[in-house]
Amino acid sequence: NREQKLLSRYFVKELAVPGTIDESGALVLQGRFSVNIINKLIERFVKNYVLCPTCGSRFTVLERSGKVFKLKCLACGAETTLKAF
């Protein structure tokens with residue numbers, strides 16, 4: 001339940017390459033990347049911006065307030081402040 005724009009911005013920043021979202025909604029990155037690199041970035045995104053650090057639940061909501069993200073867990077109610085990327 002994350003915005004497509006947020007995930008694309010994460011990939012563009014982490015890989016330091018230009019990227020766009022095409023008409024079909026696919027992220028198009030300029031460059032060649034191995035499957036391992038893409039999978040590691042997805043795992044890191046999920047760990048940092050999806051999973052609750054308190055209970056490990058994936059049922060979370062990410063809210064942005066200025067340059068700060070707040071991760072709210074719908075399972076245990078924990079709130080965690082994260083830095084924006």
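Using a 4.5 Å heavy-atom threshold, the side chains of Phe59 and Asn1 count as separate. Residues Leu29 and Leu27 are in side-chain contact: their nearest non-hydrogen atoms beyond the backbone lie under 4.5 Å apart. With a 4.5 Å cut-off on side-chain heavy atoms, Phe45 and Glu14 do not count as touching. Using a 4.5 Å cut-off on side-chain heavy atoms (C-beta onward), Asn48 and Leu82 make no contact. In this structure, Leu6 and Leu62 have side chains that are in contact, with non-hydrogen atoms separated by less than 4.5 Å. A 4.5 Å side-chain heavy-atom check between Ile37 and Leu15 finds at least one atom pair inside the cut-off. Inter-residue side-chain proximity for Ile42 and Phe11 is flagged as met; some heavy-atom pair is nearer than 4.5 Å. Side chains of Cys52 and Cys76 form a contact here, defined as non-hydrogen atoms less than 4.5 Å apart.
Here the OH atom belonging to Tyr10 is positioned 6.5 Å from the OH atom belonging to Tyr49, to the nearest 0.5 angstrom. With values rounded to the nearest 0.5 angstrom, Glu43 atom CD is found 9.5 Å from Asn36 atom CG. Going from atom CD1 of Ile21 over to atom OG of Ser8 covers 3.5 Å, rounded to the nearest 0.5 Å.
Of the possible donor and acceptor atoms, none in the side chain of Thr60 sits under 3.5 Å from a partner among the backbone N and O of Leu71. Panel note: side chain Arg64, backbone Gly66; a donor-acceptor pair is recorded below 3.5 Å.
Under 4.0 Å is where a charged nitrogen must lie from a carboxylate oxygen, and between Glu63 and Lys70 no such pair does.
Atom CG of Asp22 sits in a crowded spot, with more than 12 heavy atoms from other residues, nucleotides or ligands closer than 6.0 Å.
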Practice item. Kindly determine whether Arg58 and Leu51 satisfy side-chain contact (heavy atoms from CB on, under 4.5 Å), including the steps that lead there. Key: CA-CA 5 Å; Arg58 61 183 169 92; Leu51 297 178; 3.8 Å; yes
Exercise for review: Begin with the C-alpha distance, continue with both residues' side-chain angles, and end with the deciding distance and a verdict on side-chain contact (heavy atoms from CB on, under 4.5 Å) for Thr80 and Phe69.
Suggested key: CA-CA 8 Å; Thr80 307; Phe69 285 111; over 6 Å; no
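Grouping the Ile, Leu, Val, Met, Phe, Trp and Tyr side chains by contacts below 4.5 angstrom, directly or via other members, places Val50 apart from Val68. Both Ile38 and Val46 belong to a single network of hydrophobic side chains, linked directly or stepwise wherever heavy atoms of I, L, V, M, F, W or Y lie under 4.5 Å apart.
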